[in-house]
Each structure stands twice: as C-alpha cells, then as structure tokens.
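Report on the structure given below.
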Amino acid sequence: MLSDSTITQAYAAAKERYAAAGVDTDKAMDALQKISLSLHCWQADDVTGFEKQAGALSGGIQVTGNYPGKARNIDELRADILKAASLIPGRHRLSLHETYGDFQGKVVDRDEVAPEHFRTWMEWAAANGMKLDFNSTSFSHPKSGNLTLANPDSGIRNFWIEHTKRCRLISEEMGKYQGDPCIMNLWIHDGSKEVPASRLKYRRILKESLDEIFAQKYENMKDCIEAKLFGIGLESYTVGSYDFYLGYGAKNGKIVTLDTGHFHLTESIADKLSSLLLFTPEIMLHVSRPVRWDSDHVVILNDDITDLAREIIRCKALDKVHIGLDYFDGTINRIGAYVIGTRATQKALLMALLEPSARIQDYEDNGHYFERLAVQEEMKNMPWGAVWDMFCLKNGVPAGEDYISDIQKYEKDVLSHRA
Ligand code: RNT
Ligand code: ZN
C-alpha cells in the first residue's frame, strides 16, 4: 500500500520540479478533474447485451477470450460498472448500447424499443452521479446481414431507420432527464467481403437513410457518426468509410467519431483533430488499441494515446472533444480491463496537461527548434507519476498498483460465483 505521506512527499517534490519548468501541477489536476470519460458498458459482458432474443455477436466485430465472471444480467453489469468506477479517479459517464435496455424479460425488437426501456437506467445513473450516452445497435440481429441502413431492400432498411430514430428519441429523453446532452453514436457495419459492382449505390442509400433519420431535430442529444476501415468478413468495402462520414459530418454539422482502431495502423488519429475542429462542430473519440488490426485491445499508456491527449490539450479543445472508450477484451478480468484502460487515458491527459505548451509554442514561433525538441524530450522524465498518485489520493481511489488487490478481492467474492 502506498501511504498518504509517501504520496504527499513525492508530490511536493514533483510540484517544485514542474514549477521550475513553468507548470502548475495543481492547475493540471483541476483540469483533469473536469474531464469525464464515457465508459463503454460493453466491456463488462463481451458486447452481449440483455435482449431476451439475443443472438451471437455479428457485424464484423469480435471479442476473444473466455475469462470467467462476465456480467450475465443488468444487476451484475451495474455492479461491475460501479466497482470499476470506484477505482477510477473523477466522475465519468456510461455509454449504453440499445441492446442493454431493461426489457424485463420481454422480447422487444429493435424497431419497438422506447425510452421506457431505459427508465431504470436513467434512475440508476442519476442515483450514482453518472450521465449516460447512447448507441444504436444494428449488429447481432437476424436482420443485420451485411447491410442495414444501406440496404437496397426497403423492408430491412426501414426497419433500421425506425430503430435508429427510436434510439435518437431515447437519447433525447436521457439528455433531458440528466440535464446534459446525451451523446448518441451511430455505427453500422455495412459493407462487403468483395468489392461491390457499385460502391456508389450503397453510399447513396446510406446518405438518404441518414437524411431521413436526422430530419427530426432535438435539443438534448448530439449525434455522432462513426467511420471504420473494415470489419471481419467485410474486408473489401465499408459503406460508412471515413471519407463518407467526414463529408456527411462537415456538410450537415454532425460530430464525427474517430475510433483509434478504425484507420490504417500508420495513420495518426492525433493529426486528424485539428482538421476536424475546423469543419465539424465537435469530435467524439473512441479510444481503443488496435494491435495489427481493429483488435480492440485494452488501452495502455502508449505513444498513440499520449499523442492524442497532447493534441486535445494543445488545441485547447477539451470542451469540444468527447472521450469515450471502446475496447473489449474477454481474456482478462473485465473490471481490471476497465480500470487499466480508463486510468491509462487519464494518465495521458494528465501528462499533456503537465506540458509547458506555451513555452514550446514560443520556441517554435521564434525559430528555436532545438529548444522545442529538447523541452519535449525532458518532459518525458518529469515526475508526472507523483502527480497522478496525488490525483488518485485526492479522489479517494487507490494510487499506484493498489487497485490490483481490490479487483482480486472482487473476483474472489463476486465474479467467481458467476458460474
Ligand atoms: C465497431 C465500432 C463500434 C463498436 C461498439 C460496440 O468497430 O468501434 O463503436 O465497437 O459500438
Ligand atoms: Zn468504436
């Protein structure tokens, strides 16, 4: 166990070092305190959800691993989220997929879903000081196939249009209830294994579907549209590509979701922020970790995530960038996966907040490029970890690796009984 005095002493020394570099550590912690990440409910149960009629996971996404203890119902999932949240500093949001509704054991098809199916979620979230975000769900359903909103078959297409409209209404009600806009993400898997005869055809249909869906204006929800490179089984063509949604978002004032796993692996997602900020209203991030492909590994503190965080801070865009998590790993303790990934994202933000960015920019403005590079290098070995531990202490959550034993205990007391 890290003692309070160890943390406090190390923090005092760190504060001094940072002050000498022109950085106020208390201010950095205050800024971090205000950042709410949106936790993805689907890490708790491998994207299964609670539909009575639930089928296998489809839509070109995959969860690997069979680690025991996944949440089997709404109560278990809520308990797991609260456990994870208790080990993460700050106040955070929860992002729900439509398939996680409180359906009370009834079959509710996707074109029948309504705000009432999320009433208990809204109450639960309010009681626990959490705000909700939402996602329509067009995968894992008999009508999912390879095409949903881009389907030339009007029966199938209209089914998904109706679903998505209803999801927007649910989001609006959530936003109203919580007094803060609910961010609704729209991601569909539509695509094909081989190159289609007409790429244009399906994109035109998707555009028309979106126009119809977004015709209704709302005050308490915000729409995000998520692009992707490819899905498993849909490798050659993705209707909702980045170009497609970037164009749609820029033209129609919609938020584009950048999932860090949805691009070619050498592409920098950090580099995209400054362009989007000039042409779309806000940005939604799905923070994930692609290993060779969109594998959705647990987020860790790597260069990709520190670059991304630094870019948000350097753009002074904290009020415009919504940060959600999106990964699913069934090979390790799932609460541990939440805690590692969320804390890694926060650590990256803290490191970015501890950067003397004005000084670095000043060097640049004056052509002092050696100095610009040197300061950034030196920042890498500054004692940011001591500030992180202090942030945890202030928030009453375990510092350092002390959360490991908490999670082990939860596994022994709770998860291991889910046979
Ligand atoms: C899939 C997208 C999408 C999903 C979730 C479950 O590639 O990233 O965001 O991960 O909706
Ligand atoms: Zn995503």
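All of these numbers come straight from a predicted model, not from anything done at the bench. Start at 1 and go down the list; that is how both ligands and their atoms are numbered.
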*side chain to side chain donor-acceptor pair (under 3.5 Å) pairs, two or more places apart, involving residues 396-405*: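 Output for this query is empty, none listed.
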
*Return each pair, listed once, that meets side chain to side chain donor-acceptor pair (under 3.5 Å) where at least one residue sits in residues 384-394; pairs must be two or more places apart or across chains.*
none

*By residue and atom, what protein N/O/S atoms are less than 2.8 Å from the Zn ion (ligand 2)?*
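Hits for the Zn ion (ligand 2) below 2.8 Å: Glu226 OE2, Asp259 OD2, His286 ND1, Asp326 OD2.
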
*Taking the six-membered ring of Trp121, is NZ or CZ of Arg78 closer than 6.0 Å to its centre and within 45° of its axis?*
yes

*Rounded to the nearest 0.5 Å, what separation is found between the CG atom of Asp362 and the OG atom of Ser357?*
11.0 Å

_Approximate separation, where rounding is to 0.5 Å, of Phe134 CZ and Leu186 CG_ = 11.5 Å

_Between Ser241 and Lys228: side-chain donor-acceptor atoms closer than 3.5 Å_ =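 On atom types as modelled, these side chains do not qualify, holding no pair under 3.5 Å.
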
_Test of ring centre spacing under 6.0 Å for His189 and Phe139_ =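 No - the distance between ring centres of His189 and Phe139 does not fall below the 6.0 Å cut-off.
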
*asked:* Using only atom types and a distance under 3.5 Å, with no angle test, would you say the side chain of Tyr202 pairs donor to acceptor with the backbone of Pro152?
replied: no

*Let me know which protein residues bring a heavy atom to under 4.0 Å of ligand 1; chain then number is fine for ordering.*
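Only Trp42, Ile61, His97, Trp187, Glu226, Lys228, Asp259, His262, His286, Asp294, Asp326, Phe328 have heavy atoms that fall under 4.0 Å of ligand 1, ordered by chain and number.
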
*Should the ring pair His262 and Trp187 be called parallel, tilted or perpendicular, given that the plane angle runs from 0 to 90° and is split at 30 and 60?*
tilted

